[in-house]
Amino acid sequence: MAFKQLVFSGVQPTGNLHLGNYLGAIVKFVELQKHFECIYCVVDLHAITTWQDPEELPKAIREVTAAFIACGIDPKKHIVFNQSQVAEHAELAWVFNCVARMGWLNRMTQFKEKAGKDRENVSVGLFAYPTLMAADILVYRATHVPVGEDQKQHLELSRDIAQKFNNDYSASIAKHGFGDAFFPQPEPLIQGPATRVMSLRDGSKKMSKSDASDYSRINLTDDADTIAQKIRKAKTDPEPLPSEEKGLETRPEADNLVGIYAALKDTTKADVLREFGGAQFSTFKSSLVDLSVAKLGPIGGEMKRLVADPAYIDAVLADGSNRAREIAAKTMLSVKDIIGLVRR
Ligand code: AMP
Ligand code: TRP
């Protein structure tokens with residue numbers, strides 16, 4: 001069965017949005033608007049899998065929304081909303097909790113990393129997180145999902161859940177006129193030179209919202225001086241830059257900075273090395289500062305302007321939620337019919 005092409009992705013409202021979120025995800029969101037219908041979601045129900053301060057959470061939800069708009073997402077042409085305003089996400093997640101297997105979730109590396117040694121004490125929600133993510137995507141029967149490299153395993157799980165649902169209920173799916181599959185197999189879109197942006201302090205660690213050192217990341221709201229300082233202090237090695245990509249293989253910090261430069265300039269690492277091969281880091285870093293400030297400066301400014309008007313942001317989210325709910329509610333009625341739940 002052919003499914004209508006539709007893009008869905010989500011970003012959690014936890015902590016500061018950084019260059020990794022921007023290059024790994026949001027830049028792609030903006031690009032995909034040209035060719036697809038898109039739904040972009042602030043996944044607040046995912047955020048509360050770890051405790052969030054009720055004073056801070058609404059600010060974080062509005063800030064991610066502001067970032068989407070400031071980066072160039074058009075909330076009129078496409079849909080921008082926060083997850084908790086469309087109850088069908090949580091409803092379908094329950095169904096998926098009954099489709100997914102314990103063994104599948106036990107293999108999730110993000111859960112293992114986040115739970116660490118404290119497995120007995122983390123929330124049930126943190127464990128079930130990927131079934132909610134599958135519901136986010138599949139409640140719209142979305143076909144394409146732009147994400148950073150770290151979400152690849154969760155996307156594979158979403159595909160497994162879609163497939164198992166289609167198999168478990170195949171007779172009922174056919175009987176209700178949906179052919180041989182009710183859910184599509186959502187395809188991850190993980191491409192380009194910055195699918196995994198690393199910490200500026202340690203090339204073996206992912207750039208993350210939760211790193212204790214603010215010098216490990218560039219936040220979308222950092223001003224020009226802060227960006228410059230963070231890049232100048234970024235860890236490097238003593239060698240000049242290589243002329244070819246092969247020369248980056250054993251140099252994670254150099255590889256990371258070259259990847260960032262390439263992604264910001266919308267080109268390839270090979271191209272960047274053609275320009276900077278043989279150059280010292282001091283030279284390369286000043287060009288990287290100029291490029292970063294030119295690209296990120298206006299975004300940070302626009303975000304600040306937007307968050308100063310929470311009524312506007314809330315109106316965007318309310319409108320997006322209404323449009324999202326219409327699609328999600330329809331899917332949920334069909335899911336109920338397929339499963340055999342009595343409804344009005
Ligand atoms: P999160 O903040 O965990 O909700 O992530 C939002 C999006 O940003 C997801 O698509 C992630 O895969 C992506 N992302 C987060 N951190 C990075 C990173 N360091 N490099 C590339 N993409 C990232
Ligand atoms: N788990 C994703 C992250 O941490 C966020 C997310 C939630 C998401 N639901 C999604 C991403 C659906 C893509 C599609 O980055």
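Each ligand, and each atom within it, is numbered from 1 in the order the structure gives.
- Among all non-hydrogen protein atoms, the one lying nearest atom 10 (C) of ligand 2 is M133 CG, 3.5 Å.
- Classification of R62 and D314 as a salt-bridged pair holds, one side-chain N sitting under 4.0 Å from a carboxylate O.
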Does the pair H78 and E37 meet the rule for a side-chain hydrogen bond (donor to acceptor under 3.5 Å, both in side chains), with working shown? CA-CA 6 Å; H78 301 274; E37 269 180 49; over 6 Å; no

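- In terms of protein heavy-atom proximity, atom 6 (C) of ligand 1 is nearest to N21 ND2, 3.5 Å.
- Side chain to side chain, D136 and H89 meet the donor-acceptor criterion of an N or O pair below 3.5 Å.
- For atom 10 (O) of ligand 1, the closest non-hydrogen atom of the protein is G148 N, 3.1 Å.
- Side-chain polar atoms of D222 and T226 form no donor-acceptor pair below 3.5 angstrom.
- Annotation: side chain to side chain contact (heavy atoms under 4.5 Å, CB included) contacts of N167 (sequence neighbours excluded): Q163.
- Checking only distances, S9 never comes within under 3.5 Å of ligand 2, N or O to N or O.
- Of the protein's heavy atoms, K209 NZ, 3.7 Å lies nearest to atom 1 (P) of ligand 1.
- Proximity of I137 to ligand 2, defined as any heavy-atom pair under 4.0 Å, is confined to the side chain (atoms from C-beta onward).
- Ligand 1 has no N or O atom lying under 3.5 Å from any N or O atom of P146, backbone or side chain.
- Geometrically, ligand 2 and H154 share no nitrogen or oxygen pair separated by less than 3.5 Å.
- Residue G24 approaches ligand 1 through these ligand atoms, each under 4.0 Å from one of its heavy atoms: 21 (C), 22 (N).
- In this structure, Q110 contributes its side chain and P130 its backbone to no donor-acceptor pair below 3.5 Å.
- Some N or O of Q151 is nearer than 3.5 Å to an N or O of ligand 2, by distance alone.
- Scanning the protein for heavy atoms near atom 4 (O) of ligand 2, the closest one is Y129 OH, 2.8 Å.
- Side-chain atoms of S213 and D211 include no donor-acceptor pair closer than 3.5 Å.
- The H18 neighbourhood of ligand 1 comprises atoms 16 (N), with distances under 4.0 Å to a heavy atom of that residue.
- Remark: R141 qualifies as a cation-pi partner of F182 under the 6.0 Å distance and 45° angle criteria applied to the six-membered ring.
- Numbered from 1 in the order shown, with element, the atoms of ligand 2 that lie under 4.0 Å from a heavy atom of Q12 read 4 (O).
- Distance from atom 4 (O) of ligand 1 to its nearest protein heavy atom, with residue and atom name: Q12 N, 2.8 Å.
- Atom NZ of K233 is surrounded by 12 or fewer heavy atoms from other residues, nucleotides or ligands within 6.0 Å.
- Residue V145 approaches ligand 2 through these ligand atoms, each under 4.0 Å from one of its heavy atoms: 13 (C), 14 (C).
- Backbone and side-chain nitrogen or oxygen atoms of A194 are examined, and none is located within less than 3.5 angstrom of a nitrogen or oxygen of ligand 1.
- For ligand 1, the atoms sitting less than 4.0 Å from at least one non-hydrogen atom of K206 are 19 (N), numbered in the order shown with element in parentheses.
- Look at R323 and D319 and you find a salt bridge, because one of the NZ, NE, NH1 or NH2 atoms lies within 4.0 Å of a carboxylate O, short of that distance.
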Working note: V316 + I313, criterion side chain to side chain contact (heavy atoms under 4.5 Å, CB included); need CA distance, chi angles, decisive distance, verdict. CA-CA 5 Å; V316 166; I313 302 274; 5.6 Å; no

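- By the criterion of a heavy-atom distance under 4.0 Å, the side chain of V147, and not its backbone, is placed next to ligand 2.
- Distances from ligand 1 to the non-hydrogen atoms of H46 include no value under 4.0 Å.
- Residue G10 holds the heavy atom nearest to atom 11 (C) of ligand 2 of all those in A25, G148, G10.
- With 3.5 Å as the limit, one finds a donor-acceptor pair spanning the side chains of T109 and Q153.
- Across all their heavy atoms, K209 and N16 have their closest contact at CG-O, 3.1 Å.
- The atoms of ligand 1 that sit less than 4.0 Å from any heavy atom of R196 are 20 (N), 21 (C).
- Checked by distance only, ligand 1 and Q151 stay at 3.5 Å or farther apart across all their nitrogen or oxygen atoms.
- Among D150, V147, T195, the residue whose heavy atom lies nearest to atom 11 (C) of ligand 1 is D150.
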For residues 334-344, which side-chain N or O atoms pair as donor and acceptor with protein atoms under 3.5 Å away, sequence neighbours left out?
{"unit_1": "S334", "atom_1": "OG", "unit_2": "K330", "atom_2": "O", "d": "3.3"}
{"unit_1": "K336", "atom_1": "NZ", "unit_2": "E91", "atom_2": "OE2", "d": "3.4"}
{"unit_1": "D337", "atom_1": "OD1", "unit_2": "R343", "atom_2": "NE", "d": "2.8"}
{"unit_1": "D337", "atom_1": "OD2", "unit_2": "R343", "atom_2": "NH2", "d": "2.9"}

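- Atoms of ligand 1 found under 4.0 Å from any heavy atom of A25, numbered from 1 in the order shown, are 7 (C), 8 (O), 10 (O).
- Numbered from 1 in the order shown, with element, the atoms of ligand 2 that lie under 4.0 Å from a heavy atom of D136 read 7 (C), 9 (N), 10 (C).
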